[in-house]
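Single-structure report; data block below.
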Amino acid sequence: MTDLVEIAAELAPRHGYNSTSLPGLRILRSEVMLEDVPVLYRPGAVFVLQGSKQGFLDGNVYRYDADHYLAISVPVPFRMASQADAGRPLLAIYLDFDLPLAAEIAAVIAKPDAPPAREQARSLVSSPMEPSIRDVLRRLLMALHSPQECAILGPGLIRELHFRVMMGPQARPLLAALHHEGAADRVVKSLSEIRERFHEKLTVPALAKAAGMSVASYHSGFKALTGSSPMQYIKAMRLHEARMMIARREAPIATVAMQVGYASPAQFSRDFKRHFHRNPSDEALWLREHIGEAS
C-alpha cells in the first residue's frame with residue numbers, strides 16, 4: 001500500500017478534493033481529524049489509502065480504511081468520522097459510479113438461466129480491499145501521471161474498477177440496488193424520483209402510491225434501505241443540496257432555502273443548524289476550509 005500512498009500524495013497536493021483528468025474520479029487529502037460530520041455521498045466507491053474513516057447509519061458502523069473500501073449504491077445521508085493529521089494525511093480515492101456503465105456490467109454479471117437472487121439491497125456496503133482492487137488502483141494512479149496513458153488507458157481502467165467493485169465479496173447487496181432487484185426495487189426507483197423532485201412539496205402517501213405500495217410497506221422498505229424515514233430523507237436531501245449551493249456562493253441563503261423547498265427561511269436555518277451543528281454561513285466556511293471548493 002506504501003507505493004499507492006506515495007503516488008496518490010503526488011496527485012493530491014492540495015487539502016480537500018483534488019480533481020483528476022478522468023470524469024468521476026477525485027482524490028481527497030485531509031489533514032484533520034473529523035467527528036460526527038453529516039455526509040451524503042453519490043453512488044460510487046471510496047478507497048482509503050492512508051488514514052481511516054467510519055460511517056454511521058441506523059446503528060451500523062461501516063469501516064473504510066487501508067483494508068476496506070466503501071461502496072454506495074444509492075445516495076444516503078449518514079454521519080462520518082475520520083482519522084488523519086498533518087504528518088500522516090488521509091488520502092482517499094473517490095469514484096462516482098457511471099450508472100449506465102454499472103447497469104451494463106450488472107446485466108452481464110447476472111446469468112439469464114440463474115434463479116433470481118433474493119439478496120436484500122443495501123445502500124452502504126463495506127468490503128475487504130482485495131489484491132485485485134489494489135492492483136487496478138495502482139495502475140489507475142500510475143496512468144494519471146501521464147496524460148497520454150490516461151487518455152488511452154484511463155477509460156478501460158475505470159471500467160475495470162467498476163467491474164472489480166461489482167464482483168467483490170459483498171457485491172450482491174450492491175447489485176440488488178443498482179440492478180433494481182428484490183423487494184427494494186420500488187423504493188430504489190422512488191429514491192430517484194425524490195432526488196429529482198426534492199424541492200417540491202412531497203408527501204409520503206403520494207410517494208407510496210407512485211411506488212405502488214401501501215404507506216406502511218413504503219415506510220418499512222424505505223427505512224430498511226436508507227436508515228431513515230421518507231420525510232427525514234427528503235429534509236436531508238434539501239439541506240445537503242443547500243449546503244453545497246451556499247458553499248458555491250450561488251445565491252443568498254434565503255433564496256437557497258426557497259430553491260430547495262423551504263417556505264420559511266427561519267425554519268430552514270433551524271433545521272440546518274440542527275443537522276450540521278453550524279449556521280449556514282459558518283458551515284460554508286468550514287466546508288471550503290476542509291473540503292476545498294465544493295464539488
Side-chain angles (χ1 to χ4, degrees), residues 24 38-45 55-60 62 70-79 95-127 162-163 165-168 170-241 260-261 275:
V39 294
L40 178 63
Y41 289 169
R42 304 164 186 164
F56 306 95
L57 178 65
D58 197 28
N60 296 312
Y62 298 88
L70 183 73
I72 306 98
S73 62
V74 295
V76 59
F78 64 99
R79 317 293 287 197
L95 171 72
D96 293 336
F97 283 147
D98 178 330
L99 295 180
L101 174 60
E104 176 190 336
I105 294 172
V108 173
I109 292 173
K111 298 179 180 179
D113 56 345
R118 296 302 176 191
E119 182 73 50
Q120 174 65 49
R122 291 163 57 192
S123 52
L124 301 178
V125 181
S126 175
S127 298
H162 277 69
F163 172 75
V165 170
M166 296 172 68
M167 288 295 289
Q170 299 180 43
R172 282 305 316 165
L174 176 66
L175 283 171
L178 287 173
H179 207 216
H180 292 181
E181 295 176 355
D185 179 17
R186 286 173 286 183
V187 175
V188 172
K189 292 177 180 177
S190 182
L191 289 177
S192 297
E193 181 180 359
I194 290 172
R195 290 197 297 276
E196 293 175 0
R197 301 177 54 210
F198 67 86
H199 56 284
E200 301 176 16
K201 187 175 181 179
L202 301 175
T203 66
V204 173
L207 289 168
K209 182 178 180 180
M213 303 171 72
S214 69
V215 171
S217 61
Y218 182 74
H219 259 288
S220 176
F222 203 101
K223 174 77 171 177
L225 181 62
T226 69
S228 65
S229 72
M231 295 314 297
Q232 288 173 331
Y233 185 90
I234 292 167
K235 180 187 289 186
M237 289 288 292
R238 289 173 173 168
L239 293 172
H240 278 276
E241 180 65 20
V260 300
H275 191 75

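Predicted model only: the values in this text are computed from it and were never measured.
Within the structure, salt bridge (charged side-chain N to carboxylate O under 4.0 Å, His left out) pairs that include any residue of residues 196-205 comprise E193-R197, R197-E200 (at least two apart or interchain). Evaluation of the side-chain hydrogen bond (donor to acceptor under 3.5 Å, both in side chains) test over residues 231-240, restricted to residues two or more places apart or in two chains, returns S229-Q232, H240-H275.
Atom OG of S73 sits about 11.0 Å away from atom CE of M166, to the nearest 0.5 Å. Taking CD1 of I234 as the start and CG of L239 as the end, the distance is 12.0 Å to the nearest 0.5 Å. To the nearest 0.5 Å, atoms OG (S123) and CG (N60) are separated by 9.5 Å.
Between F198 and E241, the closest heavy-atom pair is CZ-CG, 3.5 Å. Of all heavy-atom pairs between L57 and P77, the closest is CD1-O, 3.5 Å. The minimum heavy-atom distance linking G227 with D58 is given by the pair CA-CB, 3.9 Å. Nearest heavy-atom pair, P75 versus L40, reported as atom, atom and distance to 0.1 Å: C-CD1, 3.8 Å. Here the closest non-hydrogen pair linking P230 and Y218 is CG-CE2, 3.7 Å. Considering all non-hydrogen atoms of both residues, L124 and V76 come closest at CD2-CG1, 3.8 Å.
Partners of Y41 by ring-ring contact (aromatic ring centres under 6.0 Å, His included), not counting sequence neighbours, listed by chain and number: F78, Y94. Residues satisfying the salt bridge (charged side-chain N to carboxylate O under 4.0 Å, His left out) criterion with D96, sequence neighbours excluded, are R26, R42. By the ring-ring contact (aromatic ring centres under 6.0 Å, His included) test, F163 pairs with no residue at all, sequence neighbours left out.
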List, one per line, each side-chain donor-acceptor pair under 3.5 Å for residues 203-210, sequence neighbours excluded.
| unit_1 | atom_1 | unit_2 | atom_2 | d |
| --- | --- | --- | --- | --- |
| T203 | OG1 | A206 | N | 3.3 |

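Judged by distance alone, with hydrogens and angles left aside, the side-chain atoms of R186 form a donor-acceptor pair with the main-chain N or O of G212 at under 3.5 Å. Formation of a donor-acceptor pair under 3.5 Å by the H162 side chain with backbone atoms of I105 is not found in this model.
Counting heavy atoms from C-beta on, the side chains of F97 and I72 never come closer than 4.5 Å.
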Notebook entry, point to check: Step by step, would you call V74 with V187 a side-chain contact (heavy atoms from CB on, under 4.5 Å)?
Noted result: CA-CA 11 Å; V74 295; V187 175; over 6 Å; no
